[in-house]
Protein chains: 2
Amino acid sequence: MTNFPEAFDRFALQILSADLPDEAHRRFQSLARMTVLEKDRVLDFDYTRAQLVFVARGATKLVAHASESRDQIVAFHFVGDVFSIPERDNYSYSVCALTDCELLSMPAAEVLALAANEARILSHLLHNTTVSLQRCREKTIALGRKTAVERVAVFLLAMADRIGVEQGGVTSLDLPMSRRDIAESLGLTIETVSRQISLLREGGLIATSGRSGIALRDMAGLRASAGYLHEAA
Amino acid sequence: MTNFPEAFDRFALQILSADLPDEAHRRFQSLARMTVLEKDRVLDFDYTRAQLVFVARGATKLVAHASESRDQIVAFHFVGDVFSIPERDNYSYSVCALTDCELLSMPAAEVLALAANEARILSHLLHNTTVSLQRCREKTIALGRKTAVERVAVFLLAMADRIGVEQGGVTSLDLPMSRRDIAESLGLTIETVSRQISLLREGGLIATSGRSGIALRDMAGLRASAGYLHEAA
DNA sequence: CGCTTTTTTGAATCTGATCAAGACAGGTGG
DNA sequence: CCACCTGTCTTGATCAGATTCAAAAAAGCG
């Protein structure tokens, strides 16, 4: 579908300032590399250096390998998202395609060096990072203090917020990730995730269709199941 | 010990650029408010707006209230750290003093507005946020995929890195937080934390003295107990 | 329609939570 | 300086929620 210049322009629109001189624009462009990834494929990148990634199309998961056969999904990202892959330290990170997708990746340090005097760009990057931090903190709370049902409810609400489609008061979701992915994101097993989804369905809070279709039928009930603070506290 | 101008200067040194005109410097200064907090006291701030906090002295914990009697410590902060308190959303956040401390707090939005054209400042803030995000991601991995012993080992190594004192090849720690704090940070109970520390001691990996003293006697062993990737993988 | 893969469901097991004492640290006042 | 007292920490026994192991059911593909 897309070619590199088009993908880069969309990245530029969101992160680079509009009034950036062509010369500078080109320098940024020369840092970016586009990768077309089919579903389930892993992004190949230089893991000795932190990378900045723009999702031009599709959806991805950012996975940390805690040890053999223990992976933790750190975050999901969808079209238009910008995120960073940390360089390898105590863990090794990888980016995997949930659906066919197109990614622009560039070394974070070099982008930062180029942007060192561009307040507009830094401002966008800061905003992006702050949003990521906020999501990560909420995830921390879920993993640290919530039960299995609560985590699944939190997950569904968060996904509805990001990729849900509202129609006639009911929000529906087409989840691009498998039960395994959900489990690895929530620190649970696939069996537990499956059981909790069944419980929510039996409770009438959601309806499912096929593997990936979910309709949120009772938002208030879900928020309660998610263990969120009572509204207007 | 400190007065406001001195505390602010230290903040300025770290975050604001050196070449900032006095006029601008004063505008930032007028946003900041200093609070002297004794141990166990909670910072009073306007929770409808995200805040930026600088730790001029002492140590703090950033706590999220998941629901009554279920608190999750999101992060610990020590002298010189800058961090942000999110505005209240699904959870309410608070900052509590681990030791007597002095904090500078300012509304994040206003700081950002003032810094909108100051690339140096934005750059520092971005760096700070990136470090916070990195720590938060590591915490996510620990909470999602690690056992009780592993979490405690990860915690001790991370603390050693931040506030440990090396002396003759052995790193020792004087923990400013209680077992309860550790538990609330690791998503465990105090009993479990206590048991795991005892196990590490019995295994000869650490030695303890009093409530707060810990000596890391076997770094390699601790790294193994923490379930970190094998070096040079 | 048949095959493979993913998901769901069930039963047994295990890790960490809960409940309940007891030990210890460290501060207070005699 | 020591005895006492309070709150924190440790240890032990039991319990519960989630994992593991195992198998059946459903989804989606060719």
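A quick note: this is a predicted structure, and the numbers were derived from the prediction, not measured.
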Trainee: Among the nucleotides dA18(D), dC9(D), dA17(C), which one has an atom lying closest to any side-chain atom of Ser194(B)?
Mentor: dC9(D)
Trainee: Under a 3.5 Å cutoff, is there a donor and acceptor pairing between the side chains of Ser185(B) and Lys139(B)?
Mentor: yes
Trainee: Is Arg70(A) side chain donor-acceptor paired with the dT19(D) base, going by distance under 3.5 Å alone?
Mentor: no
Trainee: Compare the minimum distances between each of dT8(C), dA11(C), dG16(C) and the side chain of Ser198(A), then state the nucleotide with the smallest one.
Mentor: dT8(C)
Trainee: Measure up the Phe83(A) and His77(A) rings against each other and bin them: parallel (under 30°), tilted (30 to 60°), perpendicular (over 60°).
Mentor: parallel
Trainee: I want to verify a distance call: between dT7(C), dT18(C), dA18(D), whose nearest atom is closest to the Thr189(B) side chain?
Mentor: dT18(C)
Trainee: Roughly how many Å is it from CG in Leu175(A) to C1' in dA27(D), rounded to a whole number?
Mentor: 15 Å
Trainee: Round to the nearest Å and state the distance from Arg179(B) atom CZ to dG7(D) atom P.
Mentor: 19 Å
Trainee: Whole angstroms only, please: what is the NZ-C1' distance between Lys39(B) and dG7(D)?
Mentor: 12 Å
Trainee: Can you find an N or O donor on one side and an acceptor on the other, under 3.5 Å apart, linking the side chain of Arg180(B) with the base of dG7(D)?
Mentor: no
Trainee: Could you tell me whether the side chain of Val131(B) reaches within less than 4.5 Å of the side chain of Gln134(B), counting heavy atoms only?
Mentor: no
Trainee: Answer with base, sugar-phosphate or nothing: what part of the nucleic acid does Gly213(B) contact at a heavy-atom distance below 4.0 Å?
Mentor: nothing
Trainee: Consider only side-chain N and O atoms of Thr192(B) and Arg195(B), and report whether a donor and an acceptor are under 3.5 Å apart.
Mentor: no
Trainee: Does Arg195(A) make a side-chain donor-acceptor contact with the base of dG10(C), cut-off 3.5 Å?
Mentor: yes
Trainee: Could you state the atom-to-atom distance from CZ of Arg201(B) to C1' of dT11(D) in whole Å?
Mentor: 11 Å
Trainee: Taking only the side-chain heavy atoms of Leu188(B) (C-beta and beyond), determine which of dA25(C), dT5(C), dG16(C) contains the nearest atom.
Mentor: dG16(C)
Trainee: Just how far, in rounded Å, is P of dA17(C) from NZ of Lys146(A)?
Mentor: 16 Å
Trainee: For Gly187(A) and Gly210(A), find the nucleotide of DNA chain D closest to each by heavy atoms; which residue's nucleotide sits nearer the 5' end?
Mentor: Gly187(A)
Trainee: Using whole Å, report how far CD of Glu184(A) lies from P of dT7(C).
Mentor: 12 Å
Trainee: What is the nucleic acid contact for Arg211(B), judged by heavy atoms within less than 4.0 Å: base, sugar-phosphate only, or nothing?
Mentor: base
Trainee: Under 4.0 Å between a Lys/Arg side-chain N and an Asp/Glu carboxylate O for Lys61(B) and Asp71(B)?
Mentor: no
Trainee: Send over the distance from Ile190(A) CD1 to dA24(D) P, rounded to a whole Å.
Mentor: 17 Å
Trainee: Assuming nearest nucleotide by heavy-atom distance, tell me which of Arg145(A) and Glu191(A) is located more 5' along DNA chain C.
Mentor: Glu191(A)
Trainee: At less than 4.0 Å, is any side-chain N or O atom of Ser178(A) found next to OP1 or OP2 of dT6(C)? Yes or no.
Mentor: no
Trainee: Determine the interplanar angle of the Phe11(A) and Phe8(A) rings, folded into 0 to 90°, and report it as parallel if under 30°, tilted if 30 to 60°, perpendicular if over 60°.
Mentor: tilted
Trainee: Within this structure, what is the CG-to-P distance between Asp40(B) and dG7(D), rounded to whole angstrom?
Mentor: 13 Å
Trainee: So what does Ile197(B) hit on the nucleic acid, given a heavy-atom distance under 4.0 Å: a base, only sugar-phosphate, or nothing?
Mentor: nothing
